[in-house]
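Below is one structure; the comments refer to it alone.
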Amino acid sequence: MLTILFDGIAYGMLLFILAVGLSVTMGLMNFINLAHGAFAMVGGYLTVILMQRHGVPFLLCLPLAFLGSALLGAVLERTLYRPMYSKPHLNQVLFSIGLTFMAVAVMDYFFTSSQQIVQLPEWLKGRTELGDGTAWALGMGHYRLFIIAACVGLTIALQTILSRTRFGSRLRASVDDQRVAAGLGINVNAVFLLTFAAGSGLAGLGGALGAEILILDPSFPLRYMVYFLIVVAVGGTSSITGPLLAALLLGIADVAGKYYIPRFGAFIVYFLMIVILIWRPQGLFVRKGGKA
């Protein structure tokens with residue numbers, strides 16, 4: 001039971017890293033970007049290419065995946081996404097889904113439809129057993145411990161940036177009222193550009209971390225799109241805490257459900273989502289005031 005709980009927490013932490021960028025763009029920028037998974041796929045493929053073809057160490061691949069996805073996000077924000085900010089949400093959905101299918105086709109053309117494999121460093125491949133042979137035995141994979149530690153550090157950093165820095169204040173002001181923020185001298189376009197690039201970079205980092213656990217192939221953005229949306233919908237789009245708790249619930253429920261009742265598949269996840277959204281339609285956490 002403890003091992004299943006641990007694996008569920010690690011899986012939930014990974015989903016949080018993957019989905020938190022979508023939570024930022026949807027909640028703080030009021031833009032529905034269903035192509036978010038494509039940036040995660042880019043980060044995963046960058047990691048595979050750098051490690052397999054150029055021998056770059058895994059730990060160095062993580063910041064490079066973040067920077068590569070962030071740069072791609074910044075370019076697309078300036079050229080394609082910015083004109084869509086003022087469009088209705090249905091237009092944004094159709095636009096971003098179209099980009100997703102284009103990304104899937106491009107990756108399939110250049111890398112085929114085969115699954116990509118990441119060879120982790122030896123120090124991340126091991127497993128520690130606590131209480132082996134007892135009813136409360138706990139098996140902890142070193143890589144899952146690494147994911148949990150990375151997620152904790154990332155959560156603290158994001159919460160600090162959004163709540164205690166000048167950039168976070170400018171971002172919240174730009175979201176609440178762009179005209180007033182611009183009148184106060186805030187460069188709203190630059191704030192949105194940096195925010196979108198950071199959200200894309202976080203997706204790329206999640207894709208790099210999940211390349212060994214998740215199935216990394218050209219269909220990656222479509223396969224996990226629903227999971228990203230569940231994390232954002234259940235957790236709410238007004239804080240970091242909400243998506244984190246939602247991702248943990250989703251991860252634990254998914255791992256436990258597939259272990260104890262594998263024939264039901266993802267039924268437990270969707271049932272949990274429906275119950276929570278009936279109880280709190282706006283998600284677990286909603287920011288009072290502004291755009292929630």
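Note: hydrogens, waters and symmetry copies are ignored here, and every other heavy atom, side chains too, is used. Predicted, not measured: the structure shown is a model, and the values here were computed from it.
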Using every non-hydrogen atom in the two residues, find where [X] and [Y] come nearest and quote the distance to one decimal.
X	Y	result
Met273	Ile230	SD-CG1, 3.5 Å
Met41	Asp217	SD-O, 3.8 Å
Ala246	Gly235	CB-N, 3.5 Å
Tyr11	Gly251	CD2-CA, 3.7 Å

More than 12 heavy atoms from other groups under 6.0 Å of [atom1] on [X]:
X	atom1	answer
Trp123	CH2	yes
Tyr259	OH	no
Lys125	NZ	yes
Arg127	CZ	yes

**Message:** What verdict does the side chain to side chain contact (heavy atoms under 4.5 Å, CB included) test give for Leu15 and Asp254, after you've listed the backbone C-alpha separation in whole Å, the side-chain angles of each residue and the deciding distance to 0.1 Å?
**Reply:** CA-CA 11 Å; Leu15 289 178; Asp254 193 41; over 6 Å; no
**OP:** Apply the test side chain to side chain contact (heavy atoms under 4.5 Å, CB included) to residues Leu250 and Val234: give CA-CA distance (whole Å), side-chain angles for both, the deciding distance (0.1 Å), then the verdict.
**Re:** CA-CA 9 Å; Leu250 175 63; Val234 171; over 6 Å; no
(request) Evaluate the side chain to side chain contact (heavy atoms under 4.5 Å, CB included) criterion for residues Thr3 and Met140: first the C-alpha distance (whole Å), next the side-chain angles of each, then the deciding distance (0.1 Å), finally the verdict. (result) CA-CA 7 Å; Thr3 301; Met140 299 182 296; over 6 Å; no
Going from [atom1] on [X] to [atom2] on [Y], what distance comes out if it is rounded to the nearest 0.5 angstrom?
X	Y	atom1	atom2	value
Leu272	Phe267	CG	CZ	11.0 Å
Ile9	Leu14	CD1	CG	14.0 Å
Ile240	Leu244	CD1	CG	9.0 Å

A side-chain contact here means heavy atoms from C-beta on lying under 4.5 Å apart; do Leu5 and Ile252 qualify? yes
Excluding Leu90, membership of its hydrophobic cluster (Ile, Leu, Val, Met, Phe, Trp, Tyr; side-chain heavy atoms within less than 4.5 Å) reads Leu94
Sequence neighbours excluded and cut-off under 3.5 Å, please list the side-chain donor-acceptor pairs for residues 47-74, or say none.
| unit_1 | atom_1 | unit_2 | atom_2 | d |
| --- | --- | --- | --- | --- |
| Thr47 | OG1 | Gly43 | O | 2.9 |
| Gln52 | NE2 | Ile117 | O | 2.5 |
| Ser69 | OG | Phe39 | O | 3.4 |
| Ser69 | OG | Ala65 | O | 3.0 |

Contacts satisfying side-chain hydrogen bond (donor to acceptor under 3.5 Å, both in side chains) that involve residues 139-167 (not counting sequence neighbours) are Thr128-His142
ring-ring contact (aromatic ring centres under 6.0 Å, His included) filter on Phe192, not counting sequence neighbours, yields Tyr85
By ring-ring contact (aromatic ring centres under 6.0 Å, His included), Tyr224 pairs with (sequence neighbours left out) Phe220
- Query: Between Leu193 and Leu76, is there a shared hydrophobic cluster once you connect ILVMFWY residues whose side-chain heavy atoms come closer than 4.5 Å?
  - Reply: no
same_hphob_cluster(Ile4, Leu2) at 4.5 Å side-chain heavy-atom cutoff:
yes
| said: Applying side chain to side chain contact (heavy atoms under 4.5 Å, CB included) to Ile213 and Ile147, what does each step give before you reach the verdict? | reply: CA-CA 11 Å; Ile213 295 178; Ile147 289 177; 3.3 Å; yes
Parallel under 30°, tilted from 30 to 60°, perpendicular over 60°: which one fits the rings of Phe31 and Phe196?
perpendicular
Which donor-acceptor pairs under 3.5 Å do side chains of residues 95-115 form with protein atoms, sequence neighbours excluded?
| unit_1 | atom_1 | unit_2 | atom_2 | d |
| --- | --- | --- | --- | --- |
| Ser96 | OG | Leu34 | N | 3.0 |
| Ser96 | OG | Gln92 | O | 2.8 |
| Ser96 | OG | Val93 | O | 3.2 |
| Thr100 | OG1 | Leu34 | O | 3.2 |
| Thr100 | OG1 | Ser96 | O | 3.0 |
| Asp108 | OD1 | Ser113 | N | 3.4 |
| Thr112 | OG1 | Ser114 | OG | 3.0 |

